[in-house]
Structures are given as C-alpha cells and as structure tokens.
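Beneath this line is the structure, given in structure tokens, with notes to follow.
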Amino acid sequence: MTQMLPLALTDVTVRRRGKRIIGPVTHRLEQGPPTIVIGPNGSGKTTLLRVMHGIERINAGQVAWTHDAPDQQAFVFQSPIVLRRSVAENLAYPLRLAGVDKVEITSRVTTWLARIGLGAFANTAATRLSGGERQKLAIARALIRTPQVLFLDEPCANLDGHTTREIEALLSETATAGTRLIMATHNMGQARRLAGDVIFMLNGKIHECGAVDYIMNTPQTPELKAFLQGDIVT
Amino acid sequence: MNDILQGLSAAFWLVVSLDAELIDISLRSLRVTLTALFISCIIAVPLGAYLAVQRFRYRRFVIAGINALMGLPPVVVGLVVYLLLSRSGPFGVLGLLFTPTAMIIAQVIIITPLIASIAHQAIRELWAEYHDLLISLNTTKWQRIKTLIWDGRRNLLTAALAGFGRAIGEVGAIMIVGGNIDNVTRVLTTAIALETGKGDFALALGLGFVLIGLSMIVSVTIHSLSRTEREGRW
Ligand SMILES: Nc1ncnc2c1ncn2[C@@H]1O[C@H](COP(=O)(O)OP(=O)(O)O)[C@@H](O)[C@H]1O
Ligand SMILES: [Mg+2]
C-alpha cells in the first residue's frame with residue numbers, strides 16, 4: 001500500500017461570496033500521531049479539514065498528497081450523516097461501493113457492530129439511533145475500509161462524557177493501528193489526550209502550530225494564550 | 001331517488017356476482033394504467049434523480065418545464081396524441097389509434113411529469129442530506145443516483161401511487177385516443193361516461209364502486225407506507 005502522506009498545503013485560500021474563509025494556509029502533514037485542530041468558532045477549522053479531504057473547492061494554492069488515493073481517506077462530519085438504512089447496511093455501504101465480496105462484508109460489519117456496541121441494533125433503522133450512537137456508527141463506517149487518513153470534525157461536540165470517552169478510546173486504538181487522524185475539537189482535555197500536534201486556527205489562518213505539550217504549555221502568541229485560558233479571542 | 005336506489009342495489013349485485021363485463025373492463029383499466037405507470041416510472045424516477053444530482057446549464061429550465069407539463073390538460077394531450085396517431089398523422093402508419101397502446105401513450109404523457117416532479121422533489125431533499133457523505137466517499141454519479149433512488153424508495157412509491165391515481169381516473173384523453181370501443185379500449189372511466197349517458201346507472205355505479213375501491217387501495221397503501229417510514233421499520 002502506497003503511503004498517501006505527507007500532505008502539503010501551499011498558500012491555500014478559500015473564498016466564498018467575496019469573503020476569505022481561510023488562507024493563505026501553508027502546512028505539511030507528516031505520518032505520525034493525531035493532529036488536533038483547535039480555534040474559536042468560525043476560525044475555519046471545518047473548512048481546513050474539508051479542503052484537506054478534497055471536498056471543498058479552493059480558490060488559490062495547492063493541496064498535494066504524496067500519493068492521492070481518495071478511497072484511503074474518510075471524513076466524519078460534525079453532525080453525523082446516517083443513511084436511511086439499517087445500522088448494518090450503513091456499515092456495509094462503503095464496502096459495497098468498493099466491491100468487497102459478501103462474506104468479507106458480513107464479517108467486517110459484524111466485527112464493527114460489536115466494536116461500537118451496536119450489535120443488538122444491526123437491523124434497526126439507523127435514523128432511530130441516539131446522537132451518540134449515530135456518531136459511533138459514522139466513525140465505524142468511516143473506519144470500515146481501514147483508511148490511511150481519517151478526518152473528524154468535532155465528533156464529540158454534542159455528546160455526553162461517557163460516549164466521548166468511548167469514542168476517544170476507539171480513536172486512540174485507531175491511531176495506534178496506523179490510521180492518521182486529523183481532528184477538530186473544542187475540548188482541550190481531548191486535545192491533550194489525543195494529540196500529537198496541534199494546529200491553532202484563527203481568522204482563517206494557522207496562527208500557531210506544534211507539538212501538543214509545546215502548544216499547551218508555552219503558547220507563543222497572546223491570542224493562543226487567551227484561547228487556552230478560555231477567553232474569547234477574535 | 002328511486003333510480004339511484006335501484007341503481008345502487010343493481011350495482012352492488014354486479015360487483016358481488018363478479019359480473020363478466022365489469023371484470024373485463026376493470027382488468028383492462030388496470031392493465032392499461034399499470035403499463036403506463038411502469039413506463040412512466042422508468043422514465044421519471046431516473047430523470048428526477050438526475051436532475052437532483054447533476055448540475056447543468058439548463059437544469060432550472062428543464063425543471064420548470066416538467067412542472068409546467070404537470071398542469072397539461074389531459075384533453076389536450078389526448079387531442080395531440082390523436083393527431084399524431086391518426087391515419088394522416090406522422091405515426092399514422094403504426095395503426096395505433098383506438099388501441100390500448102394509444103391510451104397507454106396518452107397516460108404516459110400525462111403522468112410522467114407528475115411522477116418526475118414529485119420524485120425530483122423527494123430526491124433533492126435526500127441529496128441535500130447525503131451530499132457531503134456521498135462526495136466524501138468518492139461515489140460515482142451512477143452510485144449516487146442508485147443510492148438516492150434506493151433510500152428514497154418510499155417517497156418514490158408515493159410518487160408512483162400519485163401517478164397511478166391520476167392515470168386510472170383519467171377519462172378525457174383516453175376517450176379521444178382509445179375511442180371507448182367495447183371489448184377493446186373500454187375502461188372504467190369511459191364506460192362510466194357511456195353508461196351514464198345511456199341511463200344504465202347500475203353498471204355505471206358498479207364501475208364507479210370498482211374505481212373508488214382501487215383509489216382507496218392506493219391511498220391506504222400510501223398511508224401505511226408513510227407509517228412504516230415514521231416507525232422506522234425497514
Ligand atoms: N460556503 C460558505 N459560504 C459562506 N461562508 C462560509 C461558507 N462556509 C463557511 N463559511 C464561513 O466561514 C467561516 C469559517 O467557517 P468554519 O470553517 O465552519 O469554521 P469553524 O469550523 O472553525 O467554526 C465561518 O464564518 C463561516 O460562516
Ligand atoms: Mg466547524
């Protein structure tokens with residue numbers, strides 16, 4: 001399997017309706033532990049992830065994978081998108097798209113159902129699940145093709161502590177197993193637990209980035225310092 | 001008043017005794033309408049899905065056109081089909097005028113825009129919901145259309161049933177292009193018109209009962225389908 005990473009963003013800019021949403025952003029993502037994207041609301045975290053994933057049109061600059069393989073990356077959206085199908089069929093869907101054979105699909109779906117604790121809901125309509133269950137389903141569906149790179153946009157934003165811990169455990173295992181995680185979050189505790197390195201977004205730009213300990217303990221800019229202290233930064 | 005009561009009891013008797021003529025006409029109605037419905041769905045559902053998923057230059061124009069065609073007066077459709085199929089018309093050599101095929105053609109023209117419009121509406125909503133996920137999964141256009149049609153099947157069935165209701169109750173166009181020929185093109189609606197004209201209220205009412213029965217089956221089906229949808233059963 002050819003390595004997709006490193007990913008190089010060069011002077012990437014996204015404009016919508018005459019407004020600059022992000023950019024210019026220049027950044028390089030290497031193979032390694034998770035990258036956590038933090039920053040105030042509207043700072044461009046979601047847009048940055050979507051640009052990296054290739055689902056947001058850019059107006060200038062370049063997004064270059066070392067080896068571009070769209071089926072080797074996946075995205076978990078902030079509010080989970082579930083297909084109007086059974087839970088098991090949701091999990092099977094990416095595998096069917098990839099033409100995986102039936103026996104293999106059944107076995108992987110069964111494994112993942114157990115892993116996210118939804119075994120009893122295999123034939124339930126996914127739209128009936130609770131928010132936390134939906135998000136776990138969305139993450140499992142993103143992971144079922146064992147992507148090299150997984151983007152997550154505030155996956156625990158509206159979830160209770162218990163589900164958040166479950167998801168964090170799953171993500172830790174995933175990272176250990178070799179999937180590169182890039183995740184936006186508002187939860188600084190979560191950032192500390194999972195990163196890796198941290199990207200601090202502000203006003204559509206990467207304001208500061210670096211290893212998690214360095215960013216959290218020795219912020220270089222007053223804006224990051226204020227953000228970490230819970231102040232409102234603009 | 002007496003006429004009506006007599007008619008009602010005679011009609012009731014025709015229905016319970018499974019009167020041969022009544023059955024013959026009813027089956028022909030069903031055959032013509034179901035064939036038209038099948039053809040219309042084959043055209044309208046993929047068309048509706050395509051219009052939802054694909055952006056192209058004249059898309060809005062096409063959608064507006066379909067919506068306009070929905071309001072086409074059936075009698076005018078009948079007239080146009082008549083002119084096209086009549087001996088001196090461009091398709092006269094086919095000898096289709098006053099055959100069930102002519103009636104099917106007219107019904108297809110009448111209900112295809114209706115089904116396409118409802119299908120488009122339903123699939124557009126589903127596409128808005130699924131958009132990011134299907135883009136992220138790097139689906140082909142054809143995979144998107146298949147997924148949307150499959151997951152939207154309940155709403156599409158509603159569209160088809162609406163088309164069925166419109167087609168089975170249609171009289172004007174059918175009368176013109178079919179000619180209401182006994183044993184050949186006589187269907188429920190044209191027979192009712194004829195028997196009423198002749199003053200044979202028993203048969204007219206009997207036919208009316210059957211027509212109402214069919215319509216009721218349709219609306220009960222729609223209702224129960226939307227209920228299974230709400231209860232999230234698959
Ligand atoms: N398609 C769009 N059109 C206009 N504005 C947008 C669009 N997408 C995002 N924005 C704006 O860009 C800014 C950054 O958005 P986003 O990337 O979602 O930030 P974050 O995820 O950090 O909250 C926000 O102010 C948002 O309203
Ligand atoms: Mg966001």
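All values below come from the heavy atoms of this structure, side chains included, with hydrogens, waters and symmetry mates left out. In what follows, every chain begins at residue 1, and chains take the letters A, B, ... in the order their sequences are listed.
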Donor on one side chain, acceptor on other, A:E133 and A:S130, under 3.5 Å = yes
task = Sort A:V82 into side chain, backbone, both or neither according to what part of it lies under 4.5 angstrom from a heavy atom of chain B.
result = backbone
A:R85 side chain vs B:D151 backbone, donor-acceptor pair below 3.5 Å = no
request  = Select all residues of residues 4-28 of chain A having any heavy atom within less than 4.5 Å of some heavy atom of chain B, and report them by number, or 'none'.
outcome  = none
key: Non-neighbouring partners of B:H131 that pass side-chain hydrogen bond (donor to acceptor under 3.5 Å, both in side chains), sequence neighbours left out   = none
ask   = Without hydrogens or angle criteria, can the side chains of B:N155 and B:T158 be said to hold a donor-acceptor pair below 3.5 Å?
value = no
B:L134 side, atom CG; A:L97 side, atom CG - distance, nearest 0.5 Å = 8.0 Å
Among B:I135, B:N138, B:L137, residue most engaged with chain A (heavy-atom pairs, under 4.5 Å) = B:L137
query = Under the side-chain hydrogen bond (donor to acceptor under 3.5 Å, both in side chains) test, which residues partner B:T33, sequence neighbours left out?
reply = none
inquiry  = Do A:N123 and A:S86 pair up side chain to side chain, a donor and an acceptor below 3.5 Å, judged on atom types alone?
reply    = no
task = Would you mind checking if A:R96 and A:E89 are paired as a salt bridge, meaning a charged N to carboxylate O distance below 4.0 Å?
result = yes
message = Heavy-atom cut-off 4.5 Å, strictly under: side chain, backbone, both or neither for A:F151 against chain B?
response = neither
message = Sub-4.5 Å heavy-atom contacts with chain B: which residues of residues 47-70 of chain A show up?
response = A:R50, A:H53, A:I55, A:P70
Residue part contacting chain A, namely of B:T140, when any heavy atom lies under 4.5 Å = neither
Residue A:F75 versus chain B: region with a heavy atom under 4.5 Å = both
query = Checking B:T189 side chain against B:E170 main chain: does a donor-acceptor pair fall under 3.5 Å?
reply = yes
ask   = At a heavy-atom separation under 4.5 Å, does B:T139 approach chain A through its side chain, its backbone, both, or neither?
value = side chain
query = Any donor-acceptor pair under 3.5 Å linking the side chain of A:Q135 with the backbone of A:P155?
reply = yes
query = Quick one: do the A:R84 and A:T127 side chains pair a donor with an acceptor below 3.5 Å?
reply = no
task = Apply side chain to side chain donor-acceptor pair (under 3.5 Å) to the pair A:T185 and A:Q190, showing each step before the final yes or no.
result = CA-CA 8 Å; A:T185 185; A:Q190 186 168 61; 2.8 Å; yes
